[in-house]
Each structure stands twice: as structure tokens, then as C-alpha cells.
Amino acid sequence: MRSTAERRQMILQTLCERRSELAENLALEFDVSIRTIYYDIEFLAYSYPIYTTKGTGGGIHVMDGFYLGMKYLTERQCEVLEKLSARLLDE
């Protein structure tokens with residue numbers, strides 16, 4: 001049996017691969033209730049660009065352009081943030 005954290009990570013990976021899925025399908029795939037899937041999605045949405053839609057074409061979606069492991073900052077941006085962070089910690 002998987003832990004909650006493992007299941008949520010697997011749901012996130014699945015959504016990033018498929019880009020969109022129904023809660024019912026995820027519930028069957030991960031052997032949990034639909035309500036549990038919605039709790040997991042609510043939790044994941046605090047940290048990742050995941051959203052739900054209702055009606056025809058509805059479901060659980062990952063925002064376009066988001067992929068796990070993708071770097072979103074350039075090297076220069078990372079350097080600037082590191083320098084700013086160091087200055088803030090020194091004060």
C-alpha cells in the first residue's frame with residue numbers, strides 16, 4: 001500500500017504526462033475514492049498549477065507549459081536570487 005505522499009506524487013506525474021484526467025479514472029487507477037482524489041488535488045494545487053473544470057470537457061488539468069523537473073529560471077536569474085537571499089540572511 002502506498003503512502004499518501006507517494007500517491008500524490010504519482011497523481012502529479014500522471015497529470016503531467018496526460019495533461020488532463022477525470023477524477024473517476026484517477027480514483028480507479030489509484031484504488032481510492034473520488035473524494036480522496038479531490039482532497040489530493042486540493043493539496044497539490046497549493047504547490048502546483050493544477051485546476052479543475054466542470055461540465056463537458058471538464059476534469060483535472062495541469063496548466064499549459066508546466067512540466068515536472070523543468071527549470072523555469074535562467075542561470076543568471078538563479079545567481080541574482082542567491083545573492084539577494086544571502087544579503088537578506090546577513091541582516
Handout entry: Separation between OG of Ser33 and OH of Tyr38, rounded to the nearest 0.5 Å
Key = 11.0 Å

Problem - Charged tip of Arg8 within 45° of Phe30 ring normal and under 6.0 Å - result: no

Exercise for the section: State which residues pass side-chain hydrogen bond (donor to acceptor under 3.5 Å, both in side chains) with Thr74; sequence neighbours excluded, sorted by chain then number. Expected result: Gln77

Problem - Shared hydrophobic cluster, Leu44 / Tyr67 (ILVMFWY, side-chain heavy atoms < 4.5 Å) - result: yes

Practice task
Look at the side chain of Arg7 and the backbone N and O of Asp31, then say whether any donor-acceptor pair between them is shorter than 3.5 Å.
Solution key: no

Practice task
State, yes or no, whether a side-chain contact exists between Ile50 and Leu12 at a heavy-atom distance under 4.5 Å.
Solution key: yes

Practice task
Would you tell me whether His61 and Thr53 have side-chain atoms, one donor and one acceptor, within less than 3.5 Å of each other?
Solution key: yes

Practice task
Working to the nearest 0.5 Å, report the span between CD of Glu79 and CG of Leu84.
Solution key: 12.0 Å

Handout entry: Backbone of Val32 reached by a side-chain donor or acceptor of Thr36 within 3.5 Å
Key = no

Handout entry: Enclosure of Arg76 CZ (heavy-atom neighbours >12, cutoff 6.0 Å)
Key = no

Handout entry: Check: Gln9 and Glu6 side chains under 4.5 Å, non-hydrogen atoms
Key = no

Handout entry: Co-membership, hydrophobic cluster, residues Tyr39 and Leu15, 4.5 Å side-chain
Key = no

Fill in the blank from the handout: For Tyr51 and Val62 the tightest heavy-atom approach is CE2-C, 4.2 Å

Problem - Nearest non-hydrogen partners of Met10 and Arg2, listed with the distance - result: SD-NE, 3.1 Å

Problem - Side chain to side chain, Ile37 and Ile60, heavy atoms closer than 4.5 Å - result: yes

Problem - Joint cluster assignment, Leu22 & Ile41, ILVMFWY side-chain distance < 4.5 Å - result: no

Exercise for the section: Using a strict cut-off of less than 4.0 Å between a Lys/Arg side-chain nitrogen and an Asp/Glu carboxylate oxygen, indicate whether Arg18 and Glu29 qualify as a salt bridge. Expected result: yes

Completion exercise
To the nearest 0.5 Å, atom SG of Cys78 lies from atom CD of Glu75 at 5.5 Å

Problem - Same apolar cluster: Phe43 and Ile34, side chain cutoff 4.5 Å - result: no

